[in-house]
Amino acid sequence: MPEGHTIHRHARKQREAIGGQTVETASPQGRFAAGAKRLSGRTLETVEAHGKHLFYRWEGGEILHVHLGLFGKFKLHRTSPAPPPTPNTRLTMQGDRATIYLAGPTICELIDPDAEALIRTRLGPDPLQNGSRRKKLEEFQRNLSRRKIPIGAALLDQGVVAGIGNVYRAEALFRTGIDPHLPANTLSSDAATRLWSESASLLKRGEKAGRIITVDLADVGARRRSDLEADERLYAYGRDGEPCRRCRTPISMTDMANRRMWWCGSCQPPGAGS
DNA sequence: GCTGCATGATGAA
DNA sequence: TCATCCTGCAGCA
């Protein structure tokens, strides 16, 4: 379930579990055999996330670049020994007391600092990264001002903002009441600011909780987040035809940027956000 | 058992 | 705009 919140959570958990340790690596599936052989026995210095990308720095200067894509998954085992990996496990990383398995990534490769820099220059600001909030917001607004595509498409462009995926784009637009069809460069400064703040707080909440929850409890009649049913956590995503949690208008669906997108035509009326 | 779909991204046409 | 790559699992026979 990899949007930015998941990736940052993986980075944090993996740093805690095997960071600073000597790590044995292997590739049961075989497709990363050469890389695993090269890394094995080295110290893993840090794990950093930028949007949906992970960068692992190893003793000796090697950089492991991982992108989960749509299907990729990590498993972190704190038992010793860990259960055996499945045959399609691309990479195993075994530290002192924890073992991490990676399967199904779009990218799992060794790169040099120049390649990492190039990847990072193509990524927009990441609401979950440290750094000046004002600078990141300004960069976000500059990126929006350069695009005529609908804001619903721009939010999936990792060069505009890094870490937002198909769930958060629908939810952030719903919560800010912005029409997803509005051209990105016509968003008002106020709407862009609210969109950035909303994206940041939703991603932070997701990173902490380990799952995406965007509803205000009052809108679903719950007292605690732990009381929420699985189908009560979101406002728009995946809810086509179901009543809006705020105004009861049926949620609409369309294709935007090759992915399905959901919104409320009443809470996000045409032109809202301009 | 098979089909289709998924919280992603790219490269060809 | 479409095909393609990566994997797992819900839904259906």
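Just so we're on the same page: letters track the sequence lines, and every chain starts at 1. For the numbers below, each heavy atom of this structure counts, side chains included, while hydrogens, waters and symmetry mates do not. Model, not experiment: these values are computed from the prediction.
Remark: A/Y56 pairs with no residue by the ring pair (Phe, Tyr, Trp, His ring centres under 6.0 Å) rule, at least two apart or across chains. Scored by the ring pair (Phe, Tyr, Trp, His ring centres under 6.0 Å) test, A/Y235 finds A/F174 as partners (sequence neighbours excluded).
At a non-hydrogen distance threshold of 4.0 Å, nothing from residues 166-180 of chain A comes into contact with DNA chain C. Shown for residues 104-112 of chain A: residues whose heavy atoms fall under 4.0 angstrom of DNA chain C, namely A/G104, A/T106. Applying a 4.0 Å cut-off to non-hydrogen atoms, the residues of residues 150-165 of chain A that approach DNA chain B are A/Q158, A/G165, listed by residue number.
Looking at the side chain of A/L70, the nearest of the listed nucleotides B/dC5, B/dA9, B/dT7 is B/dT7. With distances taken from any side-chain atom of A/E3 to the nucleotides B/dT7, B/dA9, B/dC5, the minimum falls on B/dT7.
In this model, the phosphate group of B/dA9 is approached by a side-chain N or O of A/H67 to a distance below 4.0 Å at OP1 or OP2.
For the pair A/I212 CD1 and B/dA6 C1', the interatomic distance rounds to 12 Å; values are reported in whole Å. Put simply, CG on A/N258 is 11 Å from C1' on B/dG8, counting in whole angstrom units. As a whole-Å value, the separation of A/L123 CG from B/dA9 P is 9 Å. Following rounding to the nearest Å, A/K52 (NZ) and B/dT10 (P) show an atom-to-atom distance of 10 Å. Between A/F71 atom CZ and B/dG4 atom P the separation is 15 Å, expressed in whole Å. One atom, NE2 of A/H65, and another, P of B/dG8, lie 15 Å apart when rounded to the nearest Å. Rounded to whole Å, the distance from CG on A/D255 to C1' on B/dC5 is 13 Å.
Taking atom P on both nucleotides, C/dA3 is separated from B/dC5 by 14 Å, rounded to a whole Å. C/dT1 and B/dT7 are spaced 23 Å apart, taking the C1' atom of each and rounding to whole Å.
The stretch residues 179-193 of chain A participates, sequence neighbours left out, in these salt bridge (charged side-chain N to carboxylate O under 4.0 Å, His left out) pairs: A/D190-A/R194. Sorted by first and then second residue, the pairs that involve residues 23-36 of chain A and meet side-chain hydrogen bond (donor to acceptor under 3.5 Å, both in side chains), not counting sequence neighbours, are A/E24-A/S40, A/Q29-A/R90. Identified under the side-chain hydrogen bond (donor to acceptor under 3.5 Å, both in side chains) test for residues 221-230 of chain A, with sequence neighbours left out: none.
For the pairing with A/D157, the salt bridge (charged side-chain N to carboxylate O under 4.0 Å, His left out) check across A/R169, A/R147, A/R122 returns one residue only, A/R147.
Atom CG of A/L44 sits about 10.0 Å away from atom CZ of A/R15, to the nearest 0.5 Å. We find the CG-CD distance between A/N166 and A/E171 to be 10.5 Å, quoted to the nearest 0.5 Å. Annotation: the span from A/I251 atom CD1 to A/D240 atom CG amounts to 9.0 Å, rounded to 0.5 Å.
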For residues 93-109 of chain A, which side-chain donor-acceptor pairs fall under 3.5 Å, sequence neighbours excluded?
residue: A/Y101; atom: OH; partner: A/P83; partner atom: O; Å: 2.6
residue: A/E109; atom: OE2; partner: A/H65; partner atom: ND1; Å: 2.8

Atom pairs and distances, donor-acceptor, side-chain atoms in residues 263-271 of chain A, under 3.5 Å, two or more places apart:
residue: A/Q268; atom: OE1; partner: A/C264; partner atom: N; Å: 2.9
residue: A/Q268; atom: NE2; partner: A/L173; partner atom: O; Å: 3.3
residue: A/Q268; atom: NE2; partner: A/I178; partner atom: O; Å: 3.0

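Between A/E138 and A/R133, no side-chain nitrogen of the basic residue sits less than 4.0 Å from a carboxylate oxygen of the acidic one, so the salt-bridge criterion is not met. Salt-bridge formation is detected for the pair A/R175/A/D216: a Lys NZ or Arg NE/NH1/NH2 atom is positioned less than 4.0 Å from an Asp or Glu carboxylate oxygen.
Counting only Watson-Crick or G-U wobble pairs whose defining distances are both under 3.5 Å, the stems of 3 or more consecutive pairs in DNA chain C are B:1-6 with C:7-12, B:8-12 with C:1-5.
Counting non-hydrogen atoms of neighbouring residues, nucleotides and ligands closer than 6.0 angstrom, the CZ atom of A/R38 reaches no more than 12 such neighbours.
If you walk DNA chain C from 5' to 3' and mark each nucleotide with an atom closer than 4.0 Å to a heavy atom of chain A, the marks span C/dC2 to C/dG8.
Side-chain contact between A/L156 and A/R259 is present, with heavy atoms from C-beta onward closer than 4.5 Å.
Residue A/N88 is in sugar-phosphate contact alone, with no base atom involved, counting any heavy-atom pair closer than 4.0 Å across all strands shown. Note on A/R211: nothing from the nucleic acid sits closer than 4.0 angstrom, heavy atoms only.
With hydrogens and angles ignored, the 3.5 Å screen pairs a side-chain donor or acceptor of A/R9 with a backbone N or O of A/E207.
Under the 3.5 Å distance criterion, with hydrogens and angles disregarded, no donor-acceptor pair is assigned to the side chains of A/T89 and A/T92.
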